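Everything below concerns the one structure shown next.
Whatever order the structure lists them in is the order used to number ligands and atoms, beginning at 1. The basis for the numbers below is simple: all heavy atoms, side chains too, and nothing from hydrogens, waters or symmetry mates. Remember, it's a predicted structure, so these values are computed and weren't measured experimentally.
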Amino acid sequence: MKDYLIIGQGIAGTTLSFELYKRGLSFDVVDHVKPSTASKVASGLYNPLVLKRRRVVWQAHAMLNALLPFYREMERLTNSNFLQHKPVWEILPDPGTENDWDALSEKPKFEELIGEIIPNPNPRIRAHKLGEVSGSGRVNVEGMIEAWKAFLSSQDSFIEDQVKMADLDYKHVWTWNGNQYSNIIWCNGFVSANAHFPHLPFSPTKGEVLIVKAPELKLDHILHGNMFIMPWGGDLYKVGATYSWDQLDTEPTTKGEEQLVEAWSKLVDCPFEIVKHEAGVRPNVKDRKPLLGRSDEIPNSYIFNGLGSRGILMAPWLANHMVNYLTDGTNLPPEVNISRFS
Ligand SMILES: Cc1cc2nc3c(=O)[nH]c(=O)nc-3n(C[C@H](O)[C@H](O)[C@H](O)COP(=O)(O)OP(=O)(O)OC[C@H]3O[C@@H](n4cnc5c(N)ncnc54)[C@H](O)[C@@H]3O)c2cc1C
């Protein structure tokens with residue numbers, strides 16, 4: 001019998017199972033492999049600032065402290081390379097915004113997160129100057145998921161399948177697929193309903209991204225203005241992402257494409273060709289905080305979900321809290337504990 005069955009291998013299931021592995025706990029990960037999950041289409045940016053609102057993300061400093069050692073250790077273990085720690089460039093379109101950015105760097109919580117103001121080095125970028133965001137960068141999420149899946153497979157701990165409620169049986173322990181587990185943990189991202197956690201107030205948002213080819217851009221930093229442009233290898237760039245609350249599916253839309261093309265043209269002056277258009281649904285929550293904890297009704301059934309729009313930044317810090325809670329009964333931070341909705 002193993003300690004845990006992790007259901008889902010997006011950012012949530014990957015990071016949580018890695019934390020369990022580090023602590024020497026036994027588990028299997030089962031994933032219904034699909035091409036367009038939130039994690040697979042995600043740009044993988046981590047950024048401690050809410051740039052649009054000039055705010056620091058909740059618990060940003062603690063999350064950043066957890067992030068680098070966590071992903072670097074996973075890179076080492078899986079012998080892969082998916083983390084790029086490089087400052088985001090915020091577009092400062094005029095001297096007024098440059099002054100505002102400068103003033104921000106003197107505010108207490110911002111000082112370690114706001115880097116240099118640099119002259120615009122690239123004539124294709126539509127900016128007066130660029131403000132660096134320290135402590136930001138990108139995880140190649142698909143690369144991380146594949147590397148971790150290969151490692152788990154080599155340990156006989158990965159199963160490709162879809163868990164159906166009817167196939168889960170509990171009699172003192174959980175039985176699924178002929179195997180026994182002490183606990184199950186739902187890391188299944190956005191789903192229309194989960195019978196073990198029927199009352200949780202998800203507020204899913206659809207997001208679309210483009211991958212474009214632009215040989216003339218020659219950009220090696222992530223650029224942010226109204227949206228992001230992210231170097232994607234070679235002459236490719238990812239542009240994103242949109243937010244919408246209707247038609248919650250993984251179908252790219254014409255409206256999404258128009259928004260992304262408009263965003264590109266506002267950020268840079270450069271010809272491009274669309275290579276790919278993708279969509280996914282983020283597991284956002286009404287109060288914008290993750291959903292961690294144990295079911296009130298179903299024994300030994302847990303959830304690690306609600307990573308919303310900032311899964312990469314939050315997941316290492318949350319996985320550490322979740323495993324402390326599972327193993328020592330240490331309280332979860334109340335802001336993320338699902339008991340807030342009881
Ligand atoms: C367009 C877009 C851009 C984004 N950009 C960023 C970004 O730059 N930075 C960032 O941090 N975040 C970003 N996000 C948000 C990020 O993608 C999410 O926070 C994160 O992916 C959520 O991960 P998850 O593992 O909870 O869910 P998911 O990625 O949805 O993974 C859930 C997994 O569980 C599987 N599953 C579901 N049900 C079952 C079942 N019954 N049995 C077995 N398996 C099951 C699914 O198939 C899936 O593989 C973006 C999201 C979108 C849509």
Please report the C-alpha distance between W58 and W317 in whole Å, then the side-chain angles of each, then the deciding distance to 0.1 Å, and finally whether the ring-ring contact (aromatic ring centres under 6.0 Å, His included) criterion is met. CA-CA 12 Å; W58 177 73; W317 183 80; 5.6 Å; yes
Decide yes or no on side chain to side chain donor-acceptor pair (under 3.5 Å) for D28 and Y181, but give the supporting numbers first. CA-CA 9 Å; D28 282 334; Y181 304 92; 2.6 Å; yes
Under a 4.0 Å heavy-atom limit, does [X] contact ligand 1 with its side chain, its backbone, both, or neither?
X    : result
A279 : neither
H32  : both
D161 : backbone

Chi angles and distances behind the ring-ring contact (aromatic ring centres under 6.0 Å, His included) call for Y21, F151: CA-CA 11 Å; Y21 177 84; F151 181 83; 5.3 Å; yes
Short N/O distance, under 3.5 Å, between [X] and ligand 1?
X    : value
G207 : no
E208 : no
V191 : no
I7   : no

Tell me the protein heavy atom at minimum distance from [atom], and give that distance in Å.
atom                    : answer
atom 14 (N) of ligand 1 : A42 CB, 3.8 Å
atom 17 (O) of ligand 1 : A38 O, 3.1 Å
atom 31 (O) of ligand 1 : G10 CA, 3.5 Å
atom 35 (C) of ligand 1 : D31 OD1, 3.1 Å
atom 41 (N) of ligand 1 : V163 O, 2.9 Å
atom 51 (C) of ligand 1 : R282 CG, 3.5 Å
atom 21 (O) of ligand 1 : S39 OG, 2.7 Å
atom 18 (C) of ligand 1 : G308 O, 3.3 Å

Just so I know, are the side chains of [X] and [Y] near enough to count as touching, which here means a heavy-atom distance under 4.5 Å?
X    : Y    : result
W176 : I159 : yes
P93  : H128 : no
V141 : I312 : yes

Against heavy atoms of [X], which atoms of ligand 1 measure under 4.0 Å?
X    : answer
Q162 : 41 (N), 42 (N), 43 (C)
G280 : 53 (C)
L307 : 19 (O)
G311 : 10 (C), 11 (O), 12 (N), 19 (O)
K34  : 47 (O)
L45  : 7 (C), 8 (O), 9 (N), 10 (C), 11 (O)

Nearest neighbour of atom 10 (C) of ligand 1 from the list S309, G44, G8, on a heavy-atom basis: S309
At what distance, to the nearest 0.5 angstrom, does CZ of R72 lie from CG of N81? 10.0 Å
With distance as the sole test, does K86 use its side chain to make a donor-acceptor pair with the main-chain N or O of D220 at under 3.5 Å? yes
Between F70 and F18, is the ring centroid distance below 6.0 Å? yes
Distance flag, aromatic centroids of H196 and W186, threshold under 6.0 Å: yes
Cation-pi geometry met for R282 and F202 (6.0 Å, 45°): no
Closest approach of G135 to L64 (non-hydrogen atoms, all atoms of both residues): O-CD2, 3.2 Å
Shortest non-hydrogen contact between S309 and Y243, atoms and distance: OG-OH, 3.0 Å
